[in-house]
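All values below come from the heavy atoms of this structure, side chains included, with hydrogens, waters and symmetry mates left out. Being a predicted model, the structure only gives us computed values, none of them experimental.
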Amino acid sequence: MNIDNFMKTNYNEPFIIQRADPYVYKQKDGSYLFTASVPEYDRIVLRGSRTLDGLADADEVTIWEKHRQGIMSIHIWAPEIHCIEDKWFIYFAAGNKDDIWAIRPYVLACTVDDPLKDSWMELGQMQAADDFSFKDFSLDMTVFQNRGIWYCVWAEKVSVGKKISNLYIAEMESPSKLSTPQVLLTSPDYDWERVDFWVNEGPALLRHDGMLYLTYSASATGECYCMGMLSIPEDGELLNPRAWKKERVPVVKTDWEKGILGPGHNSFTKAEDGKGDIMVYHARQYDEIDGDPLYDPNRHVYRMRIEWDKEGRPVFSFENNF
């Protein structure tokens, strides 16, 4: 299907073009920071704006570039920026030119109050608290605090037979080190999580009315890419996978009529008034891709206002894109 059939609809006008895996952070002063994967997969960029709308045209600063060789020299993917104890950290995935799929999670730290001023240092690979985490393809790390404890969730492949990308969770000792062994949170159990590749990845946390909702992306990165969701009460046992509820069907998936294809790898932020929740995600406007969809540059950023049903659960609708 040709791109011209999808370029202009009421729903699929991009917020930011050619940026995948978007992450938006709302600061204490109400301003916003934005980072994402760039099509070249060779650097980490940041934008800042006093408003959410302003991120679209904000100047983009390169705060870190890939190494020329060795670790962190290729496939710079899915950065996220977080503020932990008034310090800035970026979590991202990277490979090695000599082994391009040896993807692992790495951490940067900012030494100044303004993360846009390009004073970042490398903390190296995220440190495990066991002998088996981060031994294979590992990426899409996110962190969050709940009831005074910091948690880390990431995707990692297991290689017994067919390689499968699962989501794991652990508690954190510091911003660059885990304090507990990994716990398997979810595997690609359903058919919609197993199109071309068996994948759970791209976790993102949303809070509402005493509940935690963890969305994630599934399947390959083409039009089959979609989003699932887990949920748990805030006072639940987060390291107990049986305490989480997993949705049987995807909560967001391709809508051919609206021209939104392969929606996924999202993050959540707050509206400017601090009340409404907004999902930021990427999608494509067409499905005819030459070669590997991973290297097609036209994954664009979109925004969706989250509504809540009578049971207090999130409602995802492309009609709420803006």
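Aromatic rings from Trp154 and Tyr91 are positioned such that their centres are separated by 6.0 Å or more.
In this structure a side-chain-to-backbone donor-acceptor pair under 3.5 Å is present from Lys246 to Ser187. Judged by distance alone, the side chain of Ser138 and the main-chain N or O of Asp136 form a donor-acceptor pair under 3.5 Å. Under the 3.5 Å distance criterion, the side-chain polar atoms of Arg299 are left unmatched by any main-chain donor or acceptor of Ser37. Side chain of Tyr32 to backbone of Glu272: a donor-acceptor contact under 3.5 angstrom is found. Here the side chain of Trp88 pairs a donor or acceptor atom with the backbone of Asp113 at under 3.5 angstrom. Here the side chain of Trp256 pairs no donor or acceptor atom with the backbone of Leu261 at under 3.5 angstrom. Proximity of a side-chain donor or acceptor of Arg47 to a complementary backbone N or O of Ala56 within less than 3.5 Å is detected.
Inspection of the Glu193 and Tyr216 side chains reveals an N or O donor paired with an N or O acceptor under 3.5 Å.
Comment: Asp86 engages Lys28 in a salt bridge, judged by a side-chain N to carboxylate O separation of less than 4.0 angstrom.
With a 6.0 Å cutoff to the six-membered ring centre and a 45° limit on the axis angle, Arg305 counts as a cation-pi contact of Phe322. For the pair Lys258 and Phe318, the NZ or CZ position fails the cation-pi test of under 6.0 Å to the six-membered ring centre and within 45 degrees of the ring normal.
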